[in-house]
Amino acid sequence: MPAYRTIDGIFLGDVEFWKRPIAERHEAFAALREETRRGGGMCFHEEVTVMGGDSAGPGYWSAVTYDDVRTVSRNQECFSSASGVISNDPAPEYLAVGSIIVMDDPKHNKLRRLVQKAFTPRTMAAAKESVRERARRLVAAAKETGGSCDFVEAFAAPLPLQVICDMLGIPEQDEEQVFRWTNVLLGVGDPEFVADISELKTSAMAYLEYAMALGAERAEHPGDDLSSLLMQAEVDGERLTPFEFAAFVVLLSIAGNETTRNAISWGMHLLTEHPDQRALLQANYEAMAPRAVEEIVRWATPVIHMRRTALSDTTVGDTKVAAGEKVVMWYWSANRDETVFEDAARFDIERENTIEMAGFGSGGSHFCLGANLARSEIHVIFDEILKGLPDLEITGPPERLQSNFINGIKRMPCEFTVR
Ligand code: HEM
């Protein structure tokens with residue numbers, strides 16, 4: 001394995017690095033991109049053991065430029081997801097829970113096609129009305145608080161949770177429990193959610209058992225939800241095993257919850273910090289919203305990185321990568337690449353090329369399956385908030401999740417006038 005090499009004392013594998021202010025993170029990645037471009041190639045970073053859990057692995061290459069991230073993301077023949085997609089190697093029992101996101105083609109493609117029809121632009125357009133209904137109820141409930149509440153709790157967390165639970169046919173009374181499980185599964189690194197790594201195992205097992213019971217129930221009494229569809233679908237004449245089904249449910253609910261929640265939270269934070277951008281959006285919502293949504297996801301980059309492992313010797317830009325070595329694609333950095341996004345740290349809903357941003361992945365076969373659903377949720381919630389609570393503002397700093405994987409906000413106060 002290569003020797004560790006970084007610059008300016010930047011340790012991306014260190015949880016402490018991710019607690020620093022966002023502006024410092026921005027500067028660190030700018031320095032790493034400059035080093036790559038200057039001819040230094042990709043840096044090779046040390047892994048850090050998280051909470052005495054999985055032992056630190058041999059390290060990883062950091063793809064930080066927009067082009068390097070794209071190169072890795074689009075070459076699935078050479079770059080595999082099958083040994084995990086986060087920077088540290090997960091224990092084998094957690095890997096199995098990852099479902100399609102930790103599979104390579106052809107199996108990945110076969111299983112992905114099973115759920116794809118639930119996420120087409122057409123089905124998403126149909127789902128938009130139920131998303132709107134949910135969003136309206138959240139605005140109405142917020143009004144009951146009298147004018148101040150926690151934004152994450154009132155809006156950003158419940159909307160994606162309700163939408164994905166609805167799609168999967170998870171009963172309303174179980175939503176809170178699903179929320180707790182997904183918080184733990186993506187909260188490793190933050191002591192508030194995972195004080196001890198064994199909690200991860202307990203939550204993963206409990207959620208899998210729950211999902212297997214849901215699958216068995218839907219196999220006997222099918223409805224019109226995604227769980228029923230998955231239980232009846234066949235791949236090459238075979239049905240999903242109960243475990244495969246359960247892992248799918250866990251992936252969809254994690255992927256659907258922990259990402260969109262943070263895009264919505266960062267979005268409200270950004271609109272508060274940039275009243276000029278907010279005024280532009282409010283003045284002509286339908287015309288401005290599609291670009292604003294892309295810009296929110298670019299700026300927030302709720303999924304900070306994904307990792308691949310090289311199956312054969314190859315090159316990424318000027319860097320030689322040997323078979324077996326890991327490459328982390330820092331979407332966060334690709335989305336701030338100054339050669340692609342002018343004044344990249346600026347929040348600008350009039351950007352022309354936000355559609356090229358890497359927040360949902362950088363092309364390739366694992367590109368976010370729920371991107372259209374997420375866009376729809378973000379579009380609708382801001383429409384309803386800006387119409388129903390037009391002066392809503394964030395009134396305190398975001399309390400951030402400690403993570404190098406999810407750019408999360410745990411809590412953030414807001415105030416508004418009830419009319
Ligand atoms: C703003 C919200 C979201 C963001 C930023 C986001 C981001 C991402 C990213 C970066 C990937 C990996 C792409 C790759 O490796 O090429 C991904 C994959 C995925 N996302 Fe999303 N996502 C969001 C919302 C959703 C929603 C609402 C769902 C629906 C349930 C969803 C389901 C998935 C699934 C199933 C995958 C794995 C696809 C595969 O492996 O083939 N995501 N997402």
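For the single chain, residues carry numbers from 1 onward in sequence order. One-based numbering, in listed order, for ligands and for the atoms of each. Note that the coordinates shown come from a computational prediction; the quantities given were computed from them, not determined experimentally.
Screening Asn262, Ile406, Asn407, Ile409 for a side chain to side chain contact (heavy atoms under 4.5 Å, CB included) involving Leu401 leaves a single residue, Ile406. Partner of Glu384 under the salt bridge (Lys or Arg N to Asp or Glu O under 4.0 Å) criterion, out of Arg134, Arg132, Lys128, Arg137: Arg132 alone. Among the candidates Tyr60, Trp61, Phe11, the single residue satisfying the ring-ring contact (aromatic ring centres under 6.0 Å, His included) test with Phe44 is Trp61.
Taking a cutoff of 4.0 Å between a charged side-chain nitrogen and a carboxylate oxygen, Glu34 and Arg37 do not qualify as a salt bridge. Salt bridge absent: Arg307 and Glu47 never bring a charged side-chain N and a carboxylate O closer than 4.0 Å.
Not a single heavy atom of Arg261 sits under 4.0 Å from any atom of ligand 1. Ligand 1 lies within reach of Gly359, whose nearest heavy atom is under 4.0 Å from it. Ligand 1 lies less than 4.0 angstrom from a heavy atom belonging to His108. The shell of residues lying under 4.0 angstrom from ligand 1, judged by heavy atoms, includes Ser365.
The shortest contact between atom 24 (C) of ligand 1 and any protein heavy atom is with Thr259 OG1, 3.2 Å. When hydrogens are left out, the protein atom nearest atom 37 (C) of ligand 1 is Ile101 CD1, 3.7 Å; that is the closest non-hydrogen contact. For atom 13 (C) of ligand 1, the nearest protein heavy atom (residue, atom name, distance) is His366 O, 3.2 Å.
His305 and Tyr331 have their aromatic ring centers separated by at least 6.0 angstrom.
Within a 6.0 Å sphere centred on NZ of Lys320, other residues, nucleotides and ligands contribute 12 heavy atoms or fewer. Atom CG of Asp276 has more than 12 heavy atoms from other residues, nucleotides or ligands within 6.0 Å.
Within the 4.0 Å heavy-atom criterion, neither part of Met357 lies near ligand 1. Of all the heavy atoms of Val85, none lies under 4.0 Å from any atom of ligand 1, so neither backbone nor side chain is involved. The proximity of Ala255 to ligand 1, defined as any non-hydrogen pair under 4.0 Å, involves the side chain as well as the backbone.
Taking every heavy atom of Met306 and a limit of under 4.0 angstrom, the matching atoms of ligand 1 come to 12 (C), 15 (O). Under a 4.0 Å criterion applied to the non-hydrogen atoms of Val303, ligand 1 contributes the atoms 7 (C), 10 (C).
At a 3.5 angstrom cut-off on N or O pairs, Thr260 does not count as close to ligand 1.
Remark: side-chain polar atoms of Gln76 are paired, donor with acceptor, to backbone N or O of Ser365 under 3.5 angstrom.
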